[in-house]
J.: 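Handing you this structure, nothing more for now.
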Amino acid sequence: MALRAPGVHVAAITTVAGNVPVRQATRNALYTAELCGSDVPVFSGAAKPLLRTYTDATWFHGSDGLGDHNYPAPKREAEKQHAVDAIIATIESNPGLVLVTLGPLTNVALALSRNPSIAAKVSRCVVMGGAPCCEGNVTPAAEYNIWVDPEAARIVMLSGLPVELIGWQLCRGDAVLGPRDIARVEGFNTKLAGFAIESNSHARLALKTQTGEDGICLPDPVAMCLALNPSIGTDWSDHYVEIETQSELTRGMTVVDRLNVAEDERNCAVWSQPLQAKKAKVCWAIDNKRWRDALYTALR
């Protein structure tokens, strides 16, 4: 969506161990950029979370993360520079850029730990992650991107980055591409439309098993859609956000101070660090028609 958006310059793509191991993620990014006719530089990053044992999500997306359709190897290779160094260098040379995160936050946390000043040079940090005030998708409490590396997510949330939190709930319900929507996209008869549907075939089956919904939920495209056009979000509010890192029961939970009680006397000690950070802008709802239209425009 970003590579095909008019007037948008994608400065870099970085990859991280998430749904699939970082080597496969890098291959997927290169292949997708190739389909879009783009030579955007791709940088490979962290192969494991900061502290936790790495757990992938191939059960949902297939062993290659793209539905196991044996796509050919990309013609290009990743850049030699590590993704963490690339994040720092790209932000330094493009002050005011929009940072969009679609996976675990390991690379970003490492970049911030190495150079905290980059936080002030980002105009927006759009984070696909979390399940604010709703159920998770990998545990009852947590969404995968935050759960797999909660310490990294906490570093990002407390860093001073202008975070816009795009939770998993926004791609569910009426935002899911149902059978009619899928048929419409396939009817575009373009390479990108075919790839978008085919690469999510395994995820469609997994979603049916997990939630009972028949269709394709697209959390990353929803996040990118809002990065490109925040007006598609119809309900936003600013809140302190904390990430649970101590409890195994609620590991990776995005705890949102939705009722603005963190500053109350009974809470301020526990919430002392988030209270010193910036509030995150949390998106609670989107215009599903405009979201679909934006997706369709990218795939035609």
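Numbering of residues begins at 1 and proceeds along the displayed sequence.
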J.: Any chance you could measure M128, atom CE, to L105, atom CG, to the nearest 0.5 Å?
T.: 10.5 Å
J.: Any chance you could pull the hydrophobic cluster mates of Y240, using side-chain heavy atoms under 4.5 angstrom and chaining through other members?
T.: M253, V255, V270, W271, L275
J.: Residues two or more places apart in sequence or in another chain: which of them pass ring-ring contact (aromatic ring centres under 6.0 Å, His included) with Y54?
T.: none
J.: Would you check if the side chain of E186 reaches a backbone N or O of I197 as a donor-acceptor pair within less than 3.5 Å?
T.: no
J.: Is there a donor-acceptor contact under 3.5 Å linking the side chains of R290 and S231?
T.: yes
J.: When you look at K279 and D257, which way does the salt bridge (Lys or Arg N to Asp or Glu O under 4.0 Å) test go after all the steps?
T.: CA-CA 10 Å; K279 288 185 176 182; D257 180 25; over 6 Å; no
J.: Once side chain to side chain donor-acceptor pair (under 3.5 Å) is applied, what residue pairs with a partner in residues 2-13 remain, sequence neighbours excluded?
T.: none
J.: Any carboxylate oxygen within less than 4.0 angstrom of a Lys/Arg side-chain nitrogen, looking at E164 and K278?
T.: no
J.: With sequence neighbours left out, which residue pairs that include part of residues 115-158 fulfil the ring-ring contact (aromatic ring centres under 6.0 Å, His included) condition?
T.: none
J.: Would you indicate whether the side-chain heavy atoms of T209 and W59 approach each other to under 4.5 Å?
T.: no
J.: Going by salt bridge (charged side-chain N to carboxylate O under 4.0 Å, His left out), name the residues that satisfy it together with K281, two or more places apart in sequence or in a different chain.
T.: D238
J.: Do N267 and E263 meet the criterion of a side-chain donor-acceptor pair at a distance under 3.5 Å?
T.: no
J.: Which residue pairs pass the ring-ring contact (aromatic ring centres under 6.0 Å, His included) test with at least one member in residues 10-42, sequence neighbours excluded?
T.: Y31-Y71, Y31-F195
J.: T15 side chain to A25 main-chain N or O, any donor-acceptor pair under 3.5 Å?
T.: no
J.: Please report the interatomic distance NE2(H61) to CG(N19), rounded to the nearest 0.5 Å.
T.: 3.5 Å
J.: Of all residues at least two apart in sequence or in a different chain, which pass the salt bridge (charged side-chain N to carboxylate O under 4.0 Å, His left out) check with D264?
T.: R266
J.: Could you tell me the separation between the CG atom of L112 and the CG atom of L161, rounded to the nearest 0.5 Å?
T.: 5.0 Å
J.: When rounded to the nearest 0.5 angstrom, what is the spacing between CG in L218 and CZ in R292?
T.: 9.5 Å
J.: List in chain and number order the residues that pass salt bridge (charged side-chain N to carboxylate O under 4.0 Å, His left out) with E242, two or more places apart in sequence or in another chain; answer none if no residue qualifies.
T.: R154
J.: Kindly write out the residues that satisfy salt bridge (charged side-chain N to carboxylate O under 4.0 Å, His left out) with D56, not counting sequence neighbours, or none if the list is empty.
T.: none
J.: For side-chain contact (heavy atoms from CB on, under 4.5 Å), just list the numbers for L192 and L35, CA-CA rounded to whole Å, side-chain angles, deciding distance to a tenth of an Å, and then say yes or no.
T.: CA-CA 7 Å; L192 289 177; L35 284 181; 3.8 Å; yes
J.: Any side-chain donor paired with an acceptor under 3.5 Å for S63 and H202?
T.: no
J.: With a cutoff of under 4.5 Å between side-chain heavy atoms, which Ile, Leu, Val, Met, Phe, Trp and Tyr residues group with V261?
T.: L259
J.: Taking only residues at least two apart or on different chains, which pairs with a member in residues 88-100 satisfy side chain to side chain donor-acceptor pair (under 3.5 Å)?
T.: E92-N115, E92-K121
J.: Which other residues belong to the hydrophobic cluster containing V20, where Ile, Leu, Val, Met, Phe, Trp and Tyr are joined when side-chain heavy atoms lie under 4.5 Å apart, directly or via other members?
T.: none
J.: For the atom pair CG (N229) and CG (D293), what is the distance rounded to the nearest 0.5 Å?
T.: 11.5 Å
J.: Show your reasoning for whether salt bridge (Lys or Arg N to Asp or Glu O under 4.0 Å) applies to D64 and R27.
T.: CA-CA 9 Å; D64 69 351; R27 174 179 168 138; over 6 Å; no
